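A short write-up of the structure that comes next.
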Amino acid sequence: MHRVWNFSAGPATLPTEVLLQVQAELLDWQGAGCGVMEMSHRGKEFTRIIAAAEADLRELIGIPADYKVLFLQGGATQQFAQVPMNLLGRGAARKSADYIVTGAWSKKAWKEAQRIAPVRLAASVEARGEAADGFTRLPRPDELDLDAQAAYLHVCTNETIHGVECHDDAALAAQLPAGVPLVADMSSHILSRPLDVRRYGLIYAGAQKNIGPSGVTLVIVREDLLGRAPADIPSVMDYQVMADNGSMLNTPPTFAIYVAGLVFQWLKRQGGLAGIQAVNRQKAELVYAAIDASQGFYRNPVAADCRSCMNIPFTLARPELDGVFLAAAEAAGLVGLKGHKSVGGMRASLYNAMPLDGVRALVDFMNDFAAKHA
Ligand code: PMP
């Protein structure tokens, strides 16, 4: 069998151990006589699978008891709408919300929320027009214009396209006006490092980077934020209804939840979130060091303290070599490196399941390529 080093931004590489277990259990899950894809979501086997997935996730992250874990559908994109639908209220009680725009994804979240209600732009690094590369840093505290009455403050703690990551969410939480919950899109770095859930009112993430296959969306929500949705929103969109039904108002994405559960068990075997963070830091440092030592052959425009450990966009000084780079990389078994079309160049996504050996192979390739074409 031939497996490449897959640097795709998502859906992304999964741990080989997990895939082998899925393969072994595909036709007969632990003696059930059928696979997980084929069993009722209400049966005793799947009830065990989803309960174990939630318990393992709670243990991994350390999710406090007054937070609900929901396994939803519709991706992070659905959360762009579902968050304001649930949290803004309606009529005379309607509130606004604040959005910090630090890249393409938080900008999309802000735009989508405006379809539900007028929400505020609390800061945008892009709007200040200073960054030729669009988004290359987080706003400074003095650039934030926060509404003390906001229903929530929305952030994206890792911008997958621009490679901007918030490494100090304690500082971010310290900026919050009293009583305003922090809502975070963590799609592309959840489970990559320890997480203090208490800093947040609600966390959401699409699965297809660090959690498992696409199709399931994780929501971790503090209980006091449930039950705020207007009565006329669809029941599948109401967090309270989903929580009351254990994420099973309707058929959940059973196979994706099962694989996610195996990924959580795998992560526990890697030493949990602190263990995986140590490896993730090493991986990212290798790639940034190669970029920074290339004397301008490669360039990453992000401010040093906001560089993402998960998604590393970089450009070549000679963009006419982009195609040559990608073709040679693919021939060397390194795939998924094409940058997002909005920023061009390359992007290496180094999610949890990308082993150190894969990153070493990438860095060796980058160094050789630069030597050959400098
Ligand atoms: N937010 C972030 C940070 C993302 O990286 C993505 C997907 N790449 C999304 C939201 C959208 O996710 P989905 O396609 O699951 O809706």
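Quick caveat: nothing in here was measured; it's all calculated off a predicted structure. Values below: every heavy atom of this structure, side chains too, minus hydrogens, waters and symmetry copies. Whatever order the structure lists ligands and atoms in, that order sets their numbers, starting from 1.
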Could you list, one pair per line, each nitrogen or oxygen of ligand 1 together with any protein nitrogen or oxygen closer than 3.5 Å, giving atom names and the distance rounded to 0.1 Å?
residue  : atom   : partner : partner atom : Å
ligand 1 : 1 (N)  : Asp185  : OD2          : 2.6
ligand 1 : 5 (O)  : Thr160  : OG1          : 2.4
ligand 1 : 8 (N)  : Lys209  : NZ           : 2.9
ligand 1 : 15 (O) : Ala76   : N            : 3.3
ligand 1 : 15 (O) : Gln208  : NE2          : 2.9
ligand 1 : 16 (O) : Ala76   : N            : 3.2
ligand 1 : 16 (O) : Thr77   : N            : 2.9
ligand 1 : 16 (O) : Thr77   : OG1          : 2.5

For Asn311 and Tyr351, what are the C-alpha separation, side-chain angles and deciding distance, and is it a side-chain hydrogen bond (donor to acceptor under 3.5 Å, both in side chains)?
CA-CA 8 Å; Asn311 309 99; Tyr351 298 123; 2.9 Å; yes
Without swapping roles, check the side chain of Asp169 against the backbone of Leu172 for a donor-acceptor pair under 3.5 Å.
no
Within 45° of the six-membered ring axis of Trp110 and under 6.0 Å from that ring's centre, is NZ or CZ of Lys107 located there?
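Negative - Lys107 is either too far from the ring of Trp110 or too far off its axis.
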Ion pair present between Arg58 and Glu54, side-chain N to carboxylate O less than 4.0 angstrom?
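So Arg58 pairs with Glu54 through a salt bridge.
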Under a 4.0 Å N-O cut-off, is there an ion pair linking Glu143 with Arg140?
yes
Flag the pair Phe46 / His41 as yes when their ring centroid distance falls below 6.0 Å, and as no otherwise.
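No, they do not, as the ring centres are separated by 6.0 Å or more.
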